[in-house]
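Structure first, commentary second.
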There are 2 protein chains.
Amino acid sequence: MPRPSVEAERREQILSAACEVVSEIGFKSLRIADVAGRAGTSSGTVHYYFDTKTALMRAAFEWNFTRSLERRRHLLEEHQDPPQRLRAFVESYLPGDPETVRAWHVWAELWVEALHDPDLQELNEQVYGEWRRLVASIVRDGQDAGLFRDEDPVVVANALIGMIDGLALQVLLGSRSMTLERMRAVCEQVLRSLTVGSSAQPPLDGRGAGSTAATA
Amino acid sequence: MPRPSVEAERREQILSAACEVVSEIGFKSLRIADVAGRAGTSSGTVHYYFDTKTALMRAAFEWNFTRSLERRRHLLEEHQDPPQRLRAFVESYLPGDPETVRAWHVWAELWVEALHDPDLQELNEQVYGEWRRLVASIVRDGQDAGLFRDEDPVVVANALIGMIDGLALQVLLGSRSMTLERMRAVCEQVLRSLTVGSSAQPPLDGRGAGSTAATA
DNA sequence: CTCTAAGTTGACTGGCCAGTCAGTCCAGAA
DNA sequence: TTCTGGACTGACTGGCCAGTCAACTTAGAG
């Protein structure tokens with residue numbers, strides 16, 4: 001056998017490049033040649049590893065997801081305390097640093113592609129399920145430890161994740177009404193309201209410090 | 001002067017067709033000929049009214065929005081009571097009937113297009129701002145009437161709208177974890193927790209409604 | 001009736017790009 | 001050293017489609 005296989009490495013290069021390009025110009029405008037250029041290779045090579053553009057994109061979406069999970073694995077070790085753990089996860093999803101922004105862009109493109117593609121819907125289902133299960137289990141742990149209010153964890157997870165998705169989208173769109181800072185404030189407010197006996201914002205008194213931030 | 005102008009009518013036909021096609025196959029796959037066919041006219045006519053595909057899409061996005069507003073205007077008259085009004089609005093945004101689903105599809109396409117198009121970002125900003133202002137004012141009215149808990153209305157509006165966007169997306173994607181019914185349930189849970197003295201969940205005790213609102 | 005111009009048509013073109021392919025390169029096996 | 005086959009290249013092609021355009025239709029003005 002000839003050269004040692006460079007397949008894994010090359011695939012990774014290409015997928016990474018594909019995500020960058022998608023994030024920058026969108027799936028619609030993406031040309032194979034762009035990806036090749038970004039990956040420092042030729043369009044022929046891209047086709048050597050991925051039969052069709054569709055296959056490439058599907059792989060890129062998957063790669064984007066596993067990558068996101070990996071980048072967050074350490075959070076589970078760093079934070080044992082459920083409230084801290086949840087907060088750390090939510091914080092890590094705020095579209096702040098370039099890498100997270102890029103991942104969100106790719107994610108958004110996946111959503112819209114998936115609206116007309118059952119395969120991608122399945123991918124979304126897996127990913128979303130995983131994320132939802134994680135959040136729900138953290139909530140459950142927190143409740144068992146008496147640290148979170150006793151709402152239905154699945155409802156809480158759904159509501160929280162939905163909110164993050166919706167807010168992130170607006171932040172990514174450069175909304176003046178929903179900036180990164182404001183998103184963070186809203187998330188913190190919500191997280192605070194989840195915890196038992198959190199000081200800042202007695203549920204009944206209205207305009208606490210928490211809300212203000214978001215307001216701004 | 002020749003024939004009476006049919007411009008307004010024809011434009012409307014085309015925009016409506018464009019929204020239908022976008023909803024069905026997505027912006028990326030949309031061909032001018034598809035729109036023309038759907039509108040019962042020719043591709044030449046589409047170009048007669050809209051110089052470029054981009055111009056057509058921008059107009060379609062705008063049309064989709066004003067249309068959504070119009071379809072909801074009656075809700076303001078039908079419901080004076082803030083909690084009812086808010087509930088009616090939220091209910092009307094659930095992706096249930098085909099028309100609402102179509103509007104959501106178009107909206108999702110706009111989002112992703114806008115990620116790479118400042119003009120569309122501006123459009124999103126206007127629309128999102130309008131919707132956010134409406135929700136916040138309903139919340140404020142409800143608080144003045146002593147019917148809603150005294151959270152910052154802007155935070156509540158942002159959290160609620162973000163949540164609706166994120167959940168709707170999952171419903172549109174045909175998620176098994178997030179069906180229309182489950183979305184409705186989550187929304188109702190959140191709305192309930194917003195109101196003062198709603199039975200279900202006493203505010204200060206762990207399972208309080210107050211916090212839930214935001215929580216969810 | 002004639003003239004005018006808005007409105008409409010669909011064949012056509014020019015550019016773009018996914019995917020193909022014939023050929024090159026090269027690491028290691030024999 | 002030769003041979004093998006995986007890896008890689010980039011010119012090329014075939015199909016697609018936005019946008020153009022020359023020709024036509026029609027409704028009202030004069």
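Chain naming here is simple, since letters A, B, ... match the order of the sequence lines and numbering starts at 1 in each.
A salt bridge does not link A:Glu78 to A:Arg73: none of the charged nitrogens lies less than 4.0 Å from a carboxylate oxygen.
Put simply, OH on A:Tyr49 is 12 Å from P on D:dG6, counting in whole angstrom units. Going from atom CD1 of A:Ile32 over to atom P of D:dT13 covers 20 Å, rounded to whole Å. The CG-P distance, from B:Leu30 to D:dC16, rounds to 17 Å in whole Å. Atom pair A:Lys53:NZ and C:dC16:P shows a separation of 15 Å (rounding to whole Å applied). D:dG6 atom C1' lies 16 Å from atom CZ of A:Arg11, rounded to whole Å. In this structure, CG of A:Asp51 is placed 14 Å from C1' of C:dC21, rounded to the nearest angstrom.
Closest approach to the A:Ser42 side chain among D:dG19, D:dT9, C:dA6 is made by D:dT9 (side chain taken as heavy atoms from C-beta onward). If you check C:dG10, D:dC8, C:dG7 against the side chain of A:Val6, the one that comes closest is D:dC8. Closest to the side chain of B:Tyr48, out of C:dA6, D:dC8, D:dG19, is C:dA6. Here the nucleotide nearest the side chain of B:His47, chosen from C:dG19, D:dC8, D:dA18, is D:dA18. When distances run from any side-chain atom of B:Glu7 to the nucleotides C:dG7, D:dG10, C:dG19, the shortest one goes to C:dG7. The side chain of A:Thr45 sits closest to D:dT9 out of C:dT8, D:dT9, D:dA18. If you check C:dT8, D:dC17, D:dA7 against the side chain of B:Arg31, the one that comes closest is D:dC17.
Looking only at atom types and distance, the side chain of B:Glu151 has a donor-acceptor partner in the side chain of A:Gln189 under 3.5 Å away.
The phosphate of D:dC8 (OP1 or OP2) has no side-chain N or O of A:Thr41 nearer than 4.0 angstrom. Of the side-chain N and O atoms in A:Ser43, none sit less than 4.0 angstrom from OP1 or OP2 of D:dG10.
Residue contacts shown for A:Phe50 are absent, as no nucleic acid heavy atom lies under 4.0 Å away. Using a 4.0 Å heavy-atom criterion, one finds that A:Leu56 contacts no nucleic acid atom at all.
Sorted by first and then second residue, the salt bridge (charged side-chain N to carboxylate O under 4.0 Å, His left out) pairs involving residues 42-59 of chain B (not counting sequence neighbours) are B:Arg58-B:Glu62.
Atom CD of residue B:Gln170 and atom CD of residue A:Glu125 lie 7.5 Å apart, to the nearest 0.5 angstrom.
Of the options A:His105, A:Arg102, A:Met57, a side chain to side chain contact (heavy atoms under 4.5 Å, CB included) to A:Val22 is made by A:Met57 and by none of the others.
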